[in-house]
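Single-structure report; data block below.
Only this structure's heavy atoms are used, side chains among them; waters, hydrogens and symmetry mates stay out. Sequence lines set the chain letters: A, B, ... in the order given, protein chains first and strands last, and positions in each chain run from 1. Predicted model, so just to flag it, every value in this text is computed and none were measured.
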2 protein chains.
Amino acid sequence: MGRPAQISRSAVVAAAMAVADEHGLAGLTMPAVAARLGVTTMALYRHVASKDDLLDALVEALLPPLPPEQASWRERLGAMAAAIRDTAARHPAIFPLLLQRPAATERSREIRDGVVAALRQAGLAPDRAARAERLISTAVLGYAAGEAAGRFDHHDRHVRDEDFACLLAAIDTLIEGGGPASGPAAGRAVPGSGG
Amino acid sequence: MGRPAQISRSAVVAAAMAVADEHGLAGLTMPAVAARLGVTTMALYRHVASKDDLLDALVEALLPPLPPEQASWRERLGAMAAAIRDTAARHPAIFPLLLQRPAATERSREIRDGVVAALRQAGLAPDRAARAERLISTAVLGYAAGEAAGRFDHHDRHVRDEDFACLLAAIDTLIEGGGPASGPAAGRAVPGSGG
DNA sequence: ACCTGAACACCGTTCAAGT
DNA sequence: ACCTGAACACCGTTCAAGT
């Protein structure tokens, strides 16, 4: 019978994360991950179906924890946004994968539902809450990804903190106003968007 | 002396774009690009320093054209946003690179300056215009990247059109309100952002 | 000047073999 | 059951050689 396994799927994922953090996405290689675990490259394939599978697992590990239920919707949205930005800062090499991969997993659905629930609690109608979730999530992910990629490196960290605070304040303002308009008339506010 | 070149840098970039469109980022390989041009792999290196250099050139080619100067600031912002979304739809495989790579090139600076100029024309003070540019650009890029990655595939194209219209309307609303607040007090609108 | 042929180091993956 | 060794197809890149 099988001797106790030397490595596990979660160990492989953790090692891959560390390799990516240290050597970038280009340095994230199966041999590099194996070396960090003190094991042959081929041993990884017993715990991970392929490199693509490993990347999916990394994206999963990047998802932020759900905020405490008893907090206000404002606090929950703020906490999730802050957690996203934190993750981007800690794992800049693999963070872009979050926007790149479908992420149709259970955890990702929970998080999306959590944001929608907060928005409903803020008073938005179901369809407006769903739409607001899409726009807010992509805006937050977009800024975090840009920051992680060094897009704003010519600005002080303090300036970027204020950027992010303003983004959250803007979101707050829009929610207070009843969320994004859901009628087709909204498209006319900025012409050229329909072309 | 040199016979007329069979290929050029721009031909290599165009071929790479076509390969990526057809076979995805993973299929974008130097041999594949060369084959499409009817040339040996090694011939590419006379026109492109490396694959990384080629990817940078692709990102450059992805940048939208500057809108006509005589248009209103509203029209110009709308046109640029629409152009970005259009590009994402046409080149979904390489579009994510736009958020991933620094893009500190001349053209990218022109575009950023164009957005800032439009915002100044809308009445924003210099520092607010600069901040609004960062937030607007990343929000638009974020949504376009998410859409290109199939993040919203479970929604009708028509729903996504409205999403995007709402995003532009929201931006418009914030600009009319004087742009994003620039003081530190803005951070308190959504607590948890400072942690 | 531009392209080709041969070659090298490397990566993802498979498969049979070991314990 | 889990890991290893050997092997294969492939990719990015270099260099000397052809025209």
> Is there a residue in residues 40-57 of chain A whose heavy atoms reach under 4.0 Å of DNA chain C, and which residues are they?
Replying inline: A/Thr41, A/Met42, A/Tyr45, A/Ser50, A/Lys51
Backbone N/O of [Y] and side chain of [X]: donor-acceptor pair under 3.5 Å:
X: B/Arg107; Y: B/Pro64; answer: yes
X: A/Arg128; Y: A/Gly123; answer: no
X: B/Ser72; Y: B/Glu75; answer: yes
X: B/Thr40; Y: B/Ala43; answer: no

>> Regarding A/Arg74 and A/Glu176, does a basic nitrogen lie under 4.0 Å from an acidic carboxylate oxygen?
In response: yes
>> Please determine whether a side-chain nitrogen of the Lys or Arg among B/Arg85 and B/Asp161 lies less than 4.0 Å from a carboxylate oxygen of the Asp or Glu.
In response: yes
>> Applying ring-ring contact (aromatic ring centres under 6.0 Å, His included), can you list everything that pairs with B/Tyr45, at least two apart in sequence or on another chain?
In response: none
> With Watson-Crick and G-U wobble geometry limited to distances under 3.5 Å, how should the secondary structure of DNA chain D be encoded in dot-bracket form, using | for bases paired to another strand and [ ] for crossing pairs?
Replying inline: ||.|||||...|||||.||
> Rounded to whole angstrom units, what separation is found between the CD1 atom of B/Ile7 and the C1' atom of C/dA1?
Replying inline: 13 Å
> For B/Met30 and D/dG12, what is the distance between atoms CE and P respectively, to the nearest whole Å?
Replying inline: 7 Å
>> Please determine whether the number of non-hydrogen atoms from other residues, nucleotides or ligands lying under 6.0 Å from atom NE2 of A/His158 exceeds 12.
In response: no
